[in-house]
Amino acid sequence: MKQLIYLDNAATTKTRPEVVEAMLPYFSEYYGNPSSVYEFSTITKKAVTGARETIAKSLGARTEEIYFTAGGSESDNWALTAAAEAYQSKGKHIITSKIEHHAVLHTCAHLEKRGFEVTYVDVDENGVVKLDELKKAIRPDTILISIMFANNEIGTIEPIREIGQIAREHGILFHTDAVQAYAHVPINVDEYNIDMLSSSAHKLNGPKGIGFLYIRKGVKIRSFIHGGAQERKRRAGTENVPGIVGYGKAVELAMATLEERSKYETGLRDYLMDRVMAEIPYTRINGSRKNRLPNNVNFAFQFIEGESLLIKLDMEGICGSSGSACTSGSLDPSHVLLAIGLPHEIAHGSLRLTLSEENTKEEMDYVVEKLKEIVAYLRNLSPLYEDFMKKNNR
Ligand SMILES: *Cc1c(COP(=O)(O)O)cnc(C)c1O
């Protein structure tokens, strides 16, 4: 394979070799069902408990508050639908934001069809949820607030502590989609007053298809999958033991390196942002500069199409992601970029690059050089750019 510069870690990450190694014995050697009674099965039962303990500890949660699921989407679906159902006698109003992941937004749309009312709170130009609007949206029948910990497109970290405080003061349940943030920034569920939290292993160098939902003890919530007694009878089905073991290992490694990794990625991220901003004119940074995930960069290059940019980058061995939803069959720019107030034509020229600890400064230099070339090339093809240059006598 030609060289690969992988800058799409918000889409998924590489499963670390240590994680794969930890998982392997649970396929062919220790394959017992954790629910069985014989001694052979206690090995898998213990492995599942161990992973649950590691994860609980990383969040300041209790072991019995961690429920394994098949990923972030399932956790979000469960948290919203089941809490809505469990608390509907109190009210049918839910508050979320305009920039949530579709796993939350589409679940809200589903709930609206079933008689729930949802308020979608605005964000400011940096993608930060407007707290005054959030407070104003609260009604006596509000049962749930769901605001993501950090945004997957623009990397903005939300004021979760304040939101948790507001929810607690009003006696409203608070769920956060922490899929992008967990094990990338420190999170403590008590400190932030979080009642439910979604996570997914493949966003933190674990395997795909395994996630968890943290559910605070005392929160009423119905079972998501009915069947056996697994996951305290709330999510039936034989445990994905290798996945759970891999998840535990990934969390253990991610938590041990969190500070150092964050420092390294932040340095690399800022280097990339600074060089691009200095060397490519008519460019802006989407998302907050201050409250930002360590590994997220999101640019908007005026006068070009993000999709063409992505294809050109791919030809140079660089994997990134654009700000439009073309892949999902729509030509509209992403709801997140529109919510931060970008005009359509600028949102279309957006590029998200999400780093990992494996990326190097040399790679960033290569990316900057290629970006300069490609952006200049695409702008030269653009009639809008030509008009703009003529008008400005450049
Ligand atoms: C990736 C992602 C999800 C979905 O997680 P899956 O495990 O792929 O289902 C949900 N929310 C956010 C913020 C994400 O980035």
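Numbering of ligands and ligand atoms starts at 1, following listing order.
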Colleague: Is the NZ or CZ atom of K14 positioned over Y6's six-membered ring, under 6.0 angstrom from the centre and within 45° of the axis?
Modeller: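 Here K14 fails the 6.0 Å and 45° test against Y6.
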Colleague: Go through the side-chain N and O atoms of S322 and E307 and say whether any donor and acceptor fall under 3.5 Å apart.
Modeller: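 Yes, a side-chain donor-acceptor pair sits under 3.5 Å.
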Colleague: Does the R269 side chain pair with the main chain of L293, one donor and one acceptor, at a distance under 3.5 Å?
Modeller: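 Pair found, side chain donor or acceptor close to backbone of L293.
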Colleague: List below, pair by pair, the N or O atoms of ligand 1 and of the protein that are less than 3.5 Å apart, including the distance to 0.1 Å; reply 'none' if no pair qualifies.
Modeller:
{"from": "ligand 1", "atom 1": "7 (O)", "to": "G72", "atom 2": "N", "distance (Å)": "2.9"}
{"from": "ligand 1", "atom 1": "7 (O)", "to": "S200", "atom 2": "OG", "distance (Å)": "2.6"}
{"from": "ligand 1", "atom 1": "7 (O)", "to": "H202", "atom 2": "NE2", "distance (Å)": "3.3"}
{"from": "ligand 1", "atom 1": "8 (O)", "to": "H202", "atom 2": "NE2", "distance (Å)": "3.0"}
{"from": "ligand 1", "atom 1": "9 (O)", "to": "G72", "atom 2": "N", "distance (Å)": "3.4"}
{"from": "ligand 1", "atom 1": "9 (O)", "to": "S73", "atom 2": "N", "distance (Å)": "2.9"}
{"from": "ligand 1", "atom 1": "9 (O)", "to": "S73", "atom 2": "OG", "distance (Å)": "2.7"}
{"from": "ligand 1", "atom 1": "11 (N)", "to": "D177", "atom 2": "OD1", "distance (Å)": "3.4"}
{"from": "ligand 1", "atom 1": "11 (N)", "to": "D177", "atom 2": "OD2", "distance (Å)": "2.7"}
{"from": "ligand 1", "atom 1": "15 (O)", "to": "Q180", "atom 2": "NE2", "distance (Å)": "2.7"}
{"from": "ligand 1", "atom 1": "15 (O)", "to": "K203", "atom 2": "NZ", "distance (Å)": "2.8"}

Colleague: Quiz question: by atom type and distance under 3.5 Å, do the side chains of T156 and N126 form a donor-acceptor pair?
Modeller: no
Colleague: Under a 3.5 Å distance rule, please check whether R379 uses its side chain to pair with a backbone N or O of L384 as donor and acceptor.
Modeller: no
Colleague: Is it true that N286 and S350 share a donor-acceptor pair across their side chains at a distance under 3.5 Å?
Modeller: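 Yes, a side-chain donor-acceptor pair sits under 3.5 Å.
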